[in-house]
Amino acid sequence: MKLPNVSKSPKIIQRLEWVTDFKRSFERRAARYGDTFTVNLGDEPIVVLSHPKAVEQLYTTNPSKFGMSPTLYKVALPIAGARSISQVEGEAHRRSRRLLMPAFHHKTIRTHSELICELTSEEMQKWSTGETKVMSDVLKKISIKTIVKCVFGITGGLRYEKLLNVLADLEGGRAFPLGIWILYFDFLQKDWGSWSPWGKFLKFKQGMDDLIYAEVEERRANPDLARADILNMMLAARDEDGNGMPDEELRDDLVALLNGGHSTTVASIAWALHFIHSLPEVKAKLMAELATLESPAEAASVEKAPYTNAVCQETIRLYPPSLISLLRVVKAPVQIMDNTFEPGVALTASMYLTHRRPDLFPEPEKFRPERFLERKFSNFEYHPFGGGSRMCIGYTLAQLEMRLIVATIMKGWDLELASNEPVKFANRAFSGIRPACGIPMVMKKAIRSTVTSK
Ligand code: HEM
């Protein structure tokens with residue numbers, strides 16, 4: 001089978017480039033080959049698609065024609081486990097989504113609005129006039145607390161505090177003594193005791209799993225049907241034979257949710273704050289809209305805060321936290337535009353590249369929220385959360401968090417960027433679009449009476 005625009009460099013070089021500077025290696029290929037190109041990193045060649053028609057065909061192809069990527073499966077296995085929603089395929093995947101989707105329905109998610117604003121205000125209460133805060137650090141705390149509350153329904157206690165620390169270590173890469181690299185290279189994964197890098201990682205993982213299993217055990221022992229958290233829904237779920245979810249499956253799905261979304265959400269909000277404070281006309285329009293809201297929680301409604309919503313949409317158009325969708329490995333021939341792909345090839349859609357098409361987004365490098373107020377984009381032209389049967393399960397929560405946190409911060413404090421230097425991108429595999437500096441900002445003045453300036 002002839003694959004389109006194949007990269008010629010050796011696999012090991014392509015893999016190193018991908019891990020050390022994903023964004024740049026990706027941009028180089030896109031500049032050279034255009035809409036569609038093929039990279040070779042591991043077990044299967046990966047074809048990157050970005051034309052909206054190709055994206056549509058990929059997302060709407062019957063999912064039974066695709067399987068998991070052995071490469072990504074192996075990389076994710078040590079943390080995600082074998083039964084996580086993002087690791088399983090076919091009926092097991094459909095079952096996981098059926099089970100988890102109700103918890104992410106927008107009506108359910110909106111019940112967390114007040115909490116998200118409160119958690120944000122709580123962090124802001126700690127700020128003092130004149131000090132500098134790295135926004136990613138602040139946002140991490142808020143978003144980790146939010147997901148722990150949504151998943152477990154807890155907001156305090158020793159286990160809660162430990163969980164927050166474990167998730168922060170996972171997100172910050174501290175769980176991996178040699179860096180995220182260790183997941184990409186099998187030969188580094190040798191347990192030579194607790195002093196060795198892999199041994200340290202396994203100890204970390206055991207600590208995380210013990211916390212999760214302890215919470216599950218306690219909840220099984222003391223069922224409370226009135227609780228509205230995700231774990232309760234998972235514990236109540238039964239298959240056709242009346243069996244509940246086994247503990248290992250619960251653990252893997254809980255980790256997928258706890259770990260799946262906060263670093264993407266954090267990066268998106270940090271970038272939004274960066275754009276708002278770099279562009280005075282954007283800030284002025286945003287502040288005018290926010291002034292019409294009695295409380296930031298009203299930004300939960302897109303109708304009440306259309307410009308705030310457009311700022312968030314434009315942020316993840318320009319800097320989508322994932323440059324590509326999950327890999328879909330072809331199991332039966334798939335036709336995408338002019339190409340027929342045979343079994344064994346991995347296909348992915350690049351939101352980063354589609355979002356930079358001048359025919360869809362004129363002056364694509366320009367941050368212009370108005371484009372989302374002027375026209376509606378299809379799910380294949382604008383797809384920061386992927387699409388089809390694998391579309392991000394947390395997209396309603398992520399969008400809500402973005403609007404609410406931006407609204408709470410902007411209504412609460414007058415801030416300014418600590419530096420006007422161009423922001424560098426974090427250099428980590430699959431994370432090319434995170435701001436390396438985390439966006440440091442100076443707290444100029446508290447605006448709201450509820451937020452005191454020390
Ligand atoms: C701005 C924030 C976020 C972005 C941009 C984002 C983006 C994505 C993308 C691109 C995918 C792959 C979709 C595909 O291949 O079609 C994905 C999958 C996923 N996301 Fe998100 N995500 C975000 C936040 C979240 C949050 C908050 C959660 C959890 C609460 C979450 C949980 C997941 C899970 C579990 C999957 C795997 C779904 C499956 O395999 O069926 N994400 N996300």
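The model shown is predicted, which means the values in this text are computed figures rather than measured ones. Nothing fancy with the numbering, it's 1 onward along the sequence. Read the numbers this way: they start at 1 and go in the same order the structure lists the ligands and their atoms. Any value given below was found using the heavy atoms of this structure, including those in side chains, with hydrogens, waters and symmetry copies removed.
Nearest protein heavy-atom neighbour of atom 25 (C) of ligand 1: Gly261 CA, 3.4 Å. Of the protein's non-hydrogen atoms, the one nearest atom 1 (C) of ligand 1 is Ser268 OG, 3.4 Å. Protein heavy atom closest to atom 34 (C) of ligand 1, with residue, atom name and distance, is Ile393 CG2, 3.7 Å. With respect to atom 23 (C) of ligand 1, the closest heavy atom belonging to the protein is Thr264 OG1, 3.4 Å. Scanning the protein heavy atoms around atom 37 (C) of ligand 1, the nearest turns out to be Ser86 CB, 4.1 Å. The nearest heavy-atom contact from the protein to atom 12 (C) of ligand 1 is Leu326 CG, 3.7 Å.
Remark: distances from the non-hydrogen atoms of Ile147 to ligand 1 include one below 4.0 Å. Between Gly387 and ligand 1 there is a heavy-atom distance shorter than 4.0 Å. In this structure, Glu401 has no heavy atom closer than 4.0 Å to ligand 1.
Closest heavy-atom approach to atom 43 (N) of ligand 1 among the candidates Gly388, Cys150, Pro384, Cys392: Cys392. Of the candidates Arg390, Arg328, Arg97, Met68, it is Arg328 that places a heavy atom closest to atom 15 (O) of ligand 1.
Listed by number with element, the atoms of ligand 1 under 4.0 angstrom from any heavy atom of Ala398 are 1 (C), 2 (C), 24 (C). For ligand 1 and Gly386, the ligand atoms under 4.0 Å from any heavy atom of the residue are 10 (C), 13 (C), 14 (C), 16 (O). Ligand 1 places these atoms under 4.0 Å from at least one heavy atom of Phe104: 30 (C). In summary, the atoms of ligand 1 found under 4.0 Å from a heavy atom of Ser325, numbered by their order in the structure, are 14 (C), 15 (O). Of all atoms in ligand 1, numbered sequentially from 1 with element shown, those under 4.0 Å from a heavy atom of His93 are 39 (C), 40 (O), 41 (O).
Relative to the six-membered ring of Tyr352, Arg356 meets both conditions, a distance below 6.0 Å and an angle of at most 45° to the axis.
Not one N or O of Phe385 is nearer than 3.5 Å to an N or O of ligand 1, by distance alone. For ligand 1, none of its N or O atoms has an N or O atom of Pro321 under 3.5 Å away. Below 3.5 Å of separation, one finds no N or O of Tyr59 facing any N or O of ligand 1.
Side-chain contact between Asn339 and Gln335 is absent, with no heavy atoms from C-beta onward closer than 4.5 Å. Proximity of Met124 to Trp413: side-chain heavy atoms (C-beta onward) are separated by under 4.5 Å at one or more points. Here the side chains of Leu286 and Val406 are in contact, with some heavy-atom distance below 4.5 Å.
For the residue pair Arg219/Asn232, the side-chain donor-acceptor check at 3.5 Å is satisfied. Checking Glu44 against Ser69 by side-chain atom types alone, a donor-acceptor pair falls below 3.5 Å. Side chains of Asn165 and Glu161: no donor on one and acceptor on the other come within 3.5 Å. Under 3.5 Å, the side chains of Arg328 and Thr348 contain no donor-acceptor pair of N or O atoms. Looking at Asn309 and Arg403, their side chains do bring a donor and an acceptor atom within 3.5 Å of each other.
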Checking salt bridge (charged side-chain N to carboxylate O under 4.0 Å, His left out) for the pair Arg368/Glu374: CA distance, chi angles, key distance, verdict? CA-CA 11 Å; Arg368 212 176 70 81; Glu374 290 158 4; 2.8 Å; yes
Verdict with reasoning, Lys304 to Glu289, per salt bridge (charged side-chain N to carboxylate O under 4.0 Å, His left out): CA-CA 9 Å; Lys304 287 194 175 175; Glu289 178 172 278; over 6 Å; no
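Under the ring-ring contact (aromatic ring centres under 6.0 Å, His included) test applied with Phe367, the options Tyr319, Phe372, Phe275, Phe361 reduce to a single match, Phe275.
Under 4.0 angstrom from ligand 1, there are no non-hydrogen atoms of Gln399. With a 4.0 Å heavy-atom cut-off, ligand 1 is reached by no atom of Tyr395. When non-hydrogen atoms are compared, ligand 1 lies under 4.0 Å from the side chain of Met351 (C-beta onward) but not from its backbone.
For an aromatic pair to be called close, the ring centres must be under 6.0 Å apart, and His383 with Phe377 fails this.
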